[in-house]
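Both counts, for ligands and for their atoms, begin at 1 and track the order of listing.
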Amino acid sequence: MAFSEFRPLDENSLIEYIKATPSLSSKIGHNYDGLKIKEVGDGNLNFVYIIVGPSGSFVIKQALPYMRCIGESWPMTKERAYFEAVALKQHGGLCPEHVPEVYHFDRTMSLIGMRYLEPPHIILRKGLIAGIEYPLLAEHMSEYMAKTIFCTSLLYRSTTEHKRAVVEFCGNVELCRLTEQVVFSDPYKVSEYNHWTSPYLDRDAETIREDYLLKIEVAELKSKFCERAQALIHGYLHTSSVMVTPDSTQVIDPEFAFYGPMGFDIGAFIGNLILAFFAQDGHAGQGNDRKSYKEWILKTIEDT
Ligand code: ADP
Ligand code: MG
């Protein structure tokens, strides 16, 4: 077997890999004529390839042992692909309507093959910037969160099952540490990877760094994040982890998944909608003041 050890794929070796992998080659009917491969990873961490042929399609996502957006200077375990695959499968089993199906997982290669969310699916954040309303978003996201969070918590499971699952996901410690750092610590102190619109927001950033009451509150939240193994949460549920059309809502990218507090997913999703709400004034233009769109965002928050 040509791929007995890890190697980063490129568009050529990807074809070889697909040919050697029946669960993938069958998805395109073993037909390599007119196959189109495109690397689309606009994300921060990983490489994503879209493979479309005349007889079918899928997506390949590969984790490399560092962070894509920073480079080799920020090493990051490629084992994150394993936790992403397990979370996609478990959440997909509980809520297949809103999670892309996993066709293939290769732990050695840190590689996931999954359903291609074909156009007109776009990243929700882009839809929010464009001012597109998604009438089913609240219903779909609340269904996704309710099913995945409830069914992986002790409201539903036995303590034996729960503790076993918690142990497994403790292995995703590196990604959890990243959240601990960039969500719960860095924004409140001077830190290398912080950035803001300087000099305009210098004073605001400083106000946050000097707000000791806020920092105590955030420390409480951080403690919950680290200590409360309540349910298998997505861990990264912002509006770039959701792909949408007016009638489909699909949650991708759960590589930060672990047993944590339910409120972290719910809060991330709603918090991102609040950010989108406040960003609308900046997107308002001639002939569209975005007023009714802001109303829709508020209604989506309430409905969720
Ligand atoms: P990262 O972990 O690097 O953030 P993502 O899982 O967010 O990677 O994927 C990066 C981009 O690739 C997404 O923003 C989306 O545009 C595209 N993508 C990822 N998964 C799929 C999919 N199943 N179908 C279609 N596009 C996808
Ligand atoms: Mg992403």
Side-chain angles (χ1 to χ4, degrees), residues 8-9 11 14 18 23-24 27-28 36-53 56-72 74-89 91-92 95-106 109-130 132 140-141 144 172 174-176 178-179 182-183 193 233-245 248-258 265 268-269 271-272 275-276:
L9 287 178
E11 297 195 5
L14 196 62
I18 295 166
S23 54
L24 294 177
K27 286 287 163 201
I28 48 169
K36 289 201 181 68
I37 299 185
K38 202 170 120 201
E39 208 279 309
V40 288
D42 55 3
N44 290 328
L45 269 70
N46 303 292
F47 288 81
V48 176
Y49 298 90
I50 292 172
I51 294 93
V52 180
S57 63
F58 55 86
V59 156
I60 293 276
K61 178 168 175 178
Q62 188 178 36
L64 267 47
Y66 57 83
M67 284 209 332
R68 176 183 186 147
C69 63
I70 305 220
E72 294 182 38
W74 193 328
M76 177 60 56
T77 174
K78 58 186 171 49
E79 266 293 272
R80 61 186 187 265
Y82 169 74
F83 295 102
E84 174 164 356
V86 175
L88 278 173
K89 286 189 213 164
H91 285 171
C95 190
E97 310 87 331
H98 303 304
V99 180
E101 186 186 345
V102 173
Y103 301 144
H104 170 73
F105 176 62
D106 181 337
M109 289 286 282
S110 300
L111 182 152
I112 301 169
M114 69 182 120
R115 177 188 159 199
Y116 170 42
L117 301 165
E118 65 293 340
H121 279 99
I122 57 167
I123 289 290
L124 173 58
R125 180 167 299 160
K126 294 186 180 171
L128 293 167
I129 290 169
I132 303 169
H140 287 172
M141 285 305 291
Y144 163 81
N172 208 12
E174 267 199 49
L175 280 275
C176 291
L178 188 57
T179 306
V182 303
V183 175
Y193 295 104
I233 62 172
H234 178 285
Y236 200 45
L237 198 51
H238 54 69
T239 48
S240 289
S241 295
V242 183
M243 293 188 76
V244 282
T245 73
S248 164
T249 306
Q250 303 291 326
V251 179
I252 60 169
D253 203 8
E255 67 191 321
F256 286 79
F258 78 116
D265 276 0
F269 181 65
N272 265 256
L275 281 176

Enquirer: Would Lys27 and Phe58 count as a cation-pi pair here, with the cationic atom under 6.0 angstrom from the ring centre and within 45° of the axis?
Expert: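 Checked: cation-pi criterion not met.
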Enquirer: List ligand 1 atoms under 4.0 Å from Glu255, heavy atoms only on the residue side.
Expert: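 Selected atoms, number and element: 2 (O).
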Enquirer: Taking side chain as C-beta onward, heavy atoms only, is Leu117 less than 4.5 Å from Ile252?
Expert: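 Yes, their side chains come closer than 4.5 Å.
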Enquirer: Is a side-chain N or O of Thr249 found less than 3.5 angstrom from the main chain of His140, in a donor-acceptor match?
Expert: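 No, the answer is negative, given that no donor and acceptor are paired below the 3.5 Å cut-off.
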Enquirer: Could you check Leu14 against Tyr49 for side chain to side chain contact (heavy atoms under 4.5 Å, CB included), going step by step and ending with a plain yes or no?
Expert: CA-CA 9 Å; Leu14 196 62; Tyr49 298 90; 3.6 Å; yes
Enquirer: Step by step, work out the side chain to side chain contact (heavy atoms under 4.5 Å, CB included) result for Tyr103 and Ile60.
Expert: CA-CA 10 Å; Tyr103 301 144; Ile60 293 276; over 6 Å; no
Enquirer: Can you see whether Phe47 has Arg68 sitting over its ring - NZ or CZ less than 6.0 Å from the centre and within 45° of the normal?
Expert: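 Satisfied, under 6.0 Å and within 45°.
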Enquirer: Taking distance alone, with N or O pairs closer than 3.5 Å, would you say Lys61 contacts ligand 1?
Expert: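 Between Lys61 and ligand 1 (N or O atoms, distance only) the closest approach is under 3.5 Å.
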Enquirer: Relative to ligand 1, is Glu118 under 4.0 angstrom through side chain, backbone, both or neither, heavy atoms considered?
Expert: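 For Glu118, there is no contact with ligand 1 at all, from either part.
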Enquirer: Using only N, O or S atoms, tell me which atom of Asp253 is closest to the Mg ion (ligand 2).
Expert: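 Checking each N, O and S atom of Asp253, the shortest distance to the Mg ion (ligand 2) belongs to OD2.
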Enquirer: Looking at Arg80 and Glu255, is there a salt bridge between them, counting it only when a charged N and a carboxylate O are closer than 4.0 Å?
Expert: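 Salt bridge between Glu255 and Arg80, a charged N being under 4.0 Å from a carboxylate O: yes.
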Enquirer: Any atoms of ligand 1 less than 4.0 Å from a non-hydrogen atom of Tyr116? List them with their elements.
Expert: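 That gives atoms 24 (N), 25 (C) of ligand 1.
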Enquirer: Tell me which part of Asn46 gets within contact of ligand 1: side chain, backbone, both or neither, using heavy atoms under 4.0 Å.
Expert: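 Both parts.
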Enquirer: As a check for students: among Val102, Val242, Leu45, Asp253, identify the option with a heavy atom nearest to atom 4 (O) of ligand 1.
Expert: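 That would be Asp253.
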Enquirer: Among all protein heavy atoms, pick out the one at the shortest distance from atom 20 (N) of ligand 1; state its residue, atom name and that distance to 0.1 Å.
Expert: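 Ranking protein heavy atoms by distance from atom 20 (N) of ligand 1, first comes Ile252 CD1, 4.0 Å.
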Enquirer: Run the salt-bridge test on Lys61 and Glu84 with the 4.0 Å N-O cut-off and return the result as yes or no.
Expert: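 Salt bridge between Lys61 and Glu84, a charged N being under 4.0 Å from a carboxylate O: yes.
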Enquirer: Can you pull out the closest protein heavy atom to atom 23 (N) of ligand 1? Residue, atom name and distance to 0.1 Å, please.
Expert: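 Looking only at protein heavy atoms, the one closest to atom 23 (N) of ligand 1 is Arg115 O, 2.9 Å.
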Enquirer: Main chain of Tyr144, side chain of His91: is a donor-acceptor contact present, judged purely on distance under 3.5 Å?
Expert: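 Checking the backbone N and O of Tyr144 against the side chain of His91, no donor-acceptor pair under 3.5 Å is found.
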Enquirer: Determine whether Leu175 and Phe83 make a side-chain contact, defined as any pair of heavy atoms from C-beta on separated by less than 4.5 Å.
Expert: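 No - every pair of side-chain heavy atoms lies 4.5 Å or more apart.
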Enquirer: Please confirm whether His121 comes under 4.0 Å of ligand 1, counting heavy atoms of the residue only.
Expert: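 Not so, His121 does not reach ligand 1.
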Enquirer: Can you name the atoms of ligand 1, numbered from 1 with element, that are less than 4.0 Å from a heavy atom of Ile123?
Expert: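 Selected atoms, number and element: 13 (C), 14 (O), 15 (C), 16 (O).
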Enquirer: Tell me the protein heavy atom at minimum distance from atom 27 (C) of ligand 1, and give that distance in Å.
Expert: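 Here the nearest protein heavy atom works out to Met243 SD, 3.8 Å.
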Enquirer: Answer yes or no: is there a donor N or O on one side and an acceptor on the other, between the side chain of Gln250 and the main chain of Met243, under 3.5 Å?
Expert: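 Checked: no pair found.
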Enquirer: What protein heavy atom sits nearest atom 10 (C) of ligand 1, and how far away is it?
Expert: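 Looking only at protein heavy atoms, the one closest to atom 10 (C) of ligand 1 is Asp42 OD1, 3.4 Å.
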Enquirer: Quick one: does ligand 1 sit under 4.0 Å from the side chain of Met114, the backbone, both or neither, non-hydrogen atoms only?
Expert: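 Contact part for Met114 vs ligand 1: side chain (C-beta onward).
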Enquirer: Considering only protein heavy atoms, which is closest to atom 17 (C) of ligand 1, and at what distance to one decimal place?
Expert: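 Protein heavy atom with the smallest distance to atom 17 (C) of ligand 1: Val40 CG2, 4.0 Å.
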Enquirer: How close does the nearest protein non-hydrogen atom get to atom 18 (N) of ligand 1, and which residue and atom is it?
Expert: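 Here the nearest protein heavy atom works out to Val48 CG1, 4.0 Å.
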Enquirer: For ligand 1, which part of Leu117 has a heavy atom less than 4.0 Å away: the side chain, the backbone, both, or neither?
Expert: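 Both backbone and side chain.
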